[in-house]
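Report on the following structure.
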Protein chains: 2
Amino acid sequence: MQGKIEKCDIICVNHDAVERVTKDMMDNEFLQKMAGIFKVLGDPTRVKIVHCLSKEELCVCDLAQVLEMSISAISHQLRVLRDRRLVRHRREGKIVYYSLDDHHIVNLLRECEDHVNHD
Amino acid sequence: MQGKIEKCDIICVNHDAVERVTKDMMDNEFLQKMAGIFKVLGDPTRVKIVHCLSKEELCVCDLAQVLEMSISAISHQLRVLRDRRLVRHRREGKIVYYSLDDHHIVNLLRECEDHVNHD
DNA sequence: AGAACATTTGAACAAATATTCAAATGACAA
DNA sequence: TTGTCATTTGAATATTTGTTCAAATGTTCT
């Protein structure tokens with residue numbers, strides 16, 4: 001897996017730095033979760049959905065209309081968001097209303113927003 | 001593109017809500033940028049790299065050693081991070097040192113960290 | 001010049017993913 | 001029940017993406 005690392009050992013690698021950073025490394029499971037959260041938001045459609053739902057509760061049709069996309073596409077993405085517990089759903093007759101389950105996520109959006117603005 | 005939306009118009013769609021949310025919608029370019037940032041961080045390898053570099057400057061070999069991955073794989077990911085301006089590089093002889101270009105990103109990491117912890 | 005080494009790059013491949021289409025639920029009304 | 005509508009789901013497809021391998025840079029030393 002690590003092809004030419006042996007030749008690197010003596011000259012190039014800063015062992016102290018490697019040891020320091022390795023010691024402070026978060027464990028793999030934690031990092032996987034972090035990357036997971038970023039990945040969910042790493043799609044324009046899903047960011048839009050989350051942004052919309054941060055304003056108010058909406059049904060699938062509403063979202064499809066706002067995003068100008070097919071209902072099926074929206075529903076698929078809502079399922080992803082639901083699996084990750086970002087979004088909650090509530091049935092009222094035939095209509096299913098979606099809202100943010102995890103309002104903490106909005107902070108991430110805002111932070112990212114600031115970042116883009118500060119560019 | 002929007003298959004069954006016509007039938008939805010009268011009964012299911014809440015026109016007021018749609019109009020409100022549509023009005024408050026960020027423009028597409030902005031959302032694309034936001035999703036772009038999240039996408040870059042939506043990979044375990046890259047989160048690890050950014051996390052390492054938030055501690056101290058490191059060369060490619062160091063990173064490969066810390067992450068236990070091939071130098072080529074690391075280099076490819078560093079290029080992605082470089083293209084997105086998250087990371088800066090500095091050459092010293094044969095060795096190329098990488099460091100965070102955009103320290104603002106660390107806030108995003110921290111916010112995400114909090115989120116995972118608060119689970 | 002040549003050798004040795006750190007890094008980059010491009011092609012290739014496998015795995016993940018977003019959207020579309022068609023069919024299946026689930027709810028309500030006639 | 002039958003029909004209609006909102007939503008979900010599964011299969012299929014096209015695209016994106018992470019890693020590997022081999023070859024190419026760029027640097028230093030002799």
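Labels below follow one simple rule: chain letters A, B, ... track the order of the sequence lines, proteins then strands, and each chain is numbered from 1.
Between A:Leu31 and B:Pro44 there is no side-chain heavy-atom pair separated by less than 4.5 Å.
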Every protein N/O lying under 3.5 Å from an N/O of nucleotides 27-30 of chain C:
none

Could you list all N or O pairs between the protein and nucleotides 13-18 of chain C that sit under 3.5 Å apart?
{"residue": "C:dA18", "atom": "OP1", "partner": "A:Arg46", "partner atom": "NH1", "Å": "3.0"}
{"residue": "C:dA18", "atom": "OP1", "partner": "A:Arg46", "partner atom": "NH2", "Å": "2.8"}
{"residue": "C:dA18", "atom": "OP2", "partner": "A:Arg46", "partner atom": "NH1", "Å": "3.3"}

Each nucleotide N or O in nucleotides 9-13 of chain D that has a protein N or O under 3.5 Å away: list the pair and distance.
{"residue": "D:dT9", "atom": "O4", "partner": "A:Ser72", "partner atom": "OG", "Å": "2.8"}
{"residue": "D:dG10", "atom": "O6", "partner": "A:His76", "partner atom": "NE2", "Å": "2.8"}

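As a whole-Å value, the separation of B:Ile74 CD1 from D:dG18 P is 13 Å. The separation between B:Asp83 atom CG and C:dT8 atom P is 12 Å, rounded to whole Å. When the C1' atom of C:dT7 is taken as reference, atom CD of B:Gln65 falls 16 Å away, rounded to whole Å. Put simply, CG on A:Leu63 is 15 Å from P on D:dA6, counting in whole angstrom units. Across the protein-nucleic acid pair, A:Ile71 atom CD1 and D:dC5 atom P stand 12 Å apart, rounded to whole Å. Protein atom CZ of A:Phe38 is 19 Å distant from nucleotide atom C1' of D:dG18, rounded to whole Å. To the nearest angstrom, C1' of D:dT19 lies 16 Å from CD of B:Glu68. Atoms CG (B:Leu58) and P (C:dT7) sit 11 Å apart, rounded to a whole Å.
Within the structure, every side-chain polar atom (N or O) of A:Tyr98 is placed at least 4.0 Å from both OP1 and OP2 of D:dA6. OP1 or OP2 of C:dT19 has not a single side-chain nitrogen or oxygen of A:Ser70 nearer than 4.0 Å.
Between the B:Ser75 side chain and the B:Ser72 main chain, no donor and acceptor come within less than 3.5 Å of each other.
Rounding to the nearest 0.5 Å gives a distance of 4.0 Å between CE of B:Met69 and OG1 of B:Thr45.
Open room surrounds CZ on A:Arg110; 12 or fewer heavy atoms of other groups in view lie less than 6.0 Å from it. Within a 6.0 Å radius of CZ in B:Arg85, no more than 12 heavy atoms belonging to other residues, nucleotides or ligands are found. The environment of A:Arg82 atom CZ is dense: over 12 non-hydrogen atoms of other residues, nucleotides or ligands sit within 6.0 angstrom.
The side-chain contact (heavy atoms from CB on, under 4.5 Å) test with A:Val66 is passed by exactly one of B:Val13, B:Asp24, B:Val18: B:Val18. Tested against B:Lys48, the residues B:Ile74, B:Asp43, B:Leu67 include a single side-chain contact (heavy atoms from CB on, under 4.5 Å) partner, B:Leu67.
The cluster map of Ile, Leu, Val, Met, Phe, Trp and Tyr, joined by side-chain heavy atoms under 4.5 Å apart, puts B:Tyr97 and B:Val50 in different clusters.
Among the protein residues, A:Tyr97 comes within range of no part of the nucleic acid, since none of its heavy atoms lies under 4.0 Å from any strand.
Salt-bridge annotation for A:Asp83 and A:Arg79: present, with a side-chain N of the basic residue lying under 4.0 Å from a carboxylate O of the acidic one.
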If you apply the rule side chain to side chain contact (heavy atoms under 4.5 Å, CB included), what do you find for A:His51 with B:Met34, and how did you get there?
CA-CA 11 Å; A:His51 179 251; B:Met34 285 184 65; over 6 Å; no

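Of all heavy-atom pairs between B:Ile95 and B:Cys59, the closest is CG2-CB, 3.4 Å.
If you check C:dT19, D:dT7, D:dT20 against the side chain of A:Ala73, the one that comes closest is C:dT19.
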